[in-house]
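Read the structure below first, then the notes.
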Amino acid sequence: MSSRDAVRLVDLRESDLDVAEVLAALDDPAAGGLTLFVGRVRDHDGGRGVDGLDYSAHPSALAKLREVAGRIAQEHDVLGVAAVHRTGTLRVGDIAVVVAATAAHRDGAFRACRALIDTLKAEVPVWKHQRFDDGDEEWVGTP
């Protein structure tokens, strides 16, 4: 299987993310392991209360996310990878990102899933505007 075939789902969306969609995209009878990471909006950051946040994406973000997913699929022994990230306004508890990897064995799935979320966060131009409960705000991940 080529790394292109292993990239099963990649998207940026303003609508709610669905973990079941990601699991379905990676359904494969050859897979002995599927590792899933769900990132949610938490109610705190750095000791401060968070009311919510907004995610903004550069116009190149989707292409970069596809490139990252393809690279991770190529570098790891996987059957499939998926990555979906929210944009727009999110509330505490909302799902912000879902990444997953499936492989014949659990170790491959764990390694690829970790590499996928870490590389996405480091390289994909998606920026977080965080609103605190004291009225303050900050941008995170901007150049």
Side-chain angles (χ1 to χ4, degrees), residues 1 3-28 31-143:
M1 173 181 299
S3 62
R4 174 174 287 176
D5 294 336
V7 177
R8 305 281 181 83
L9 174 63
V10 173
D11 206 4
L12 296 174
R13 298 187 181 154
E14 285 199 37
S15 58
D16 291 344
L17 302 185
D18 183 2
V19 171
E21 176 190 23
V22 173
L23 295 175
L26 293 176
D27 189 35
D28 190 323
L34 186 149
T35 303
L36 176 76
F37 173 79
V38 177
R40 297 174 9 132
V41 178
R42 63 184 178 268
D43 68 356
H44 66 281
D45 187 32
R48 300 169 71 189
V50 171
D51 278 341
L53 52 84
D54 301 288
Y55 278 107
S56 301
H58 186 273
S60 67
L62 183 56
K64 185 63 177 179
L65 183 54
R66 284 190 183 110
E67 184 267 316
V68 164
R71 185 170 6 122
I72 297 303
Q74 187 173 29
E75 292 172 356
H76 294 269
D77 187 16
V78 296
L79 298 168
V81 296
V84 186
H85 202 299
R86 271 290 300 274
T87 58
T89 301
L90 285 77
R91 296 166 300 171
V92 170
D94 285 348
I95 296 174
V97 62
V98 180
V99 300
T102 190
H105 303 283
R106 70 178 174 267
D107 188 54
F110 274 114
R111 289 176 187 268
C113 189
R114 179 64 183 249
L116 183 54
I117 188 60
D118 288 348
T119 307
L120 179 162
K121 297 298 280 180
E123 297 183 17
V124 177
V126 173
W127 308 298
K128 178 170 54 173
H129 179 225
Q130 202 159 228
R131 297 182 308 278
F132 295 101
D133 61 8
D134 64 5
D136 199 12
E137 58 187 45
E138 75 175 342
W139 283 93
V140 180
T142 56

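Every heavy atom of this structure was used, including side-chain atoms; hydrogens, water molecules and symmetry mates were not.
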For [X], give me all partners under salt bridge (Lys or Arg N to Asp or Glu O under 4.0 Å), at least two apart in sequence or on another chain.
X	value
Arg106	none
Glu137	none
Glu21	Arg13
Asp27	none

Name each donor-acceptor pair under 3.5 Å that joins a side chain in residues 113-121 to protein atoms two or more places apart or in another chain, with its distance.
unit_1: Arg114; atom_1: NE; unit_2: Asp118; atom_2: OD2; d: 2.9
unit_1: Thr119; atom_1: OG1; unit_2: Ala115; atom_2: O; d: 2.7

- ring pair (Phe, Tyr, Trp, His ring centres under 6.0 Å) with Tyr55: which residues, sequence neighbours excluded?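 For Tyr55, the residues satisfying ring pair (Phe, Tyr, Trp, His ring centres under 6.0 Å) (neighbours in sequence not counted) are His85.
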With sequence neighbours excluded, what pairs up with [X] under the side chain to side chain donor-acceptor pair (under 3.5 Å) test?
X	answer
Arg91	Asp94
His105	none
His44	none
Asp43	none

On a heavy-atom basis, which atom in [X] and which in [Y] lie closest, and how many Å separate them?
X	Y	value
Ala104	Leu79	N-CD1, 3.9 Å
Leu26	Gly80	CD2-C, 3.5 Å
Ala101	Val78	CB-CG1, 4.5 Å
Gly108	Ala103	C-CB, 3.9 Å
Ile72	Ala112	CG2-O, 3.6 Å
Ala25	Leu9	CB-CB, 4.0 Å

- Would a 4.5 Å heavy-atom cut-off, applied to side chains only, mark Lys64 and Pro125 as touching?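 With C-beta onward as the side chain, the pair touches.
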- Query: Rounded to the nearest 0.5 Å, what separation is found between the CG atom of Asp54 and the CH2 atom of Trp139?
  - Reply: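 So the gap between those two atoms works out to 7.0 Å.
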- Query: Atom CG in Asp133, atom CG in Asp51: separation rounded to 0.5 Å?
  - Reply: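 Here the rounded value is 5.5 Å.
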- How would you list all residue pairs meeting salt bridge (charged side-chain N to carboxylate O under 4.0 Å, His left out) that involve residues 79-89, not counting sequence neighbours? Asp16-Arg86
- Query: Partners of Ala57 by side chain to side chain contact (heavy atoms under 4.5 Å, CB included), sequence neighbours excluded?
  - Reply: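 Here the qualifying residues are Leu12, Ala61, Thr87, Val126.
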- Item | CZ/Phe132: more than 12 non-hydrogen atoms of other groups inside 6.0 Å |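 For Phe132, atom CZ is crowded (more than 12 foreign heavy atoms under 6.0 Å).
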- Item | Within 6.0 angstrom of Arg131 CZ, more than 12 heavy atoms from elsewhere | yes
- Message: Quick check against the 3.5 Å criterion: does Thr35 have a side-chain atom that pairs as donor or acceptor with the backbone of Ala100?
- Response: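 Not at all, since once roles are kept as given, no pair shorter than 3.5 Å links the two residues.
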- Could you give me the CA-CA distance, side-chain angles and deciding distance for Glu138 and Arg48, then say whether salt bridge (charged side-chain N to carboxylate O under 4.0 Å, His left out) is met? CA-CA 12 Å; Glu138 75 175 342; Arg48 300 169 71 189; 5.2 Å; no
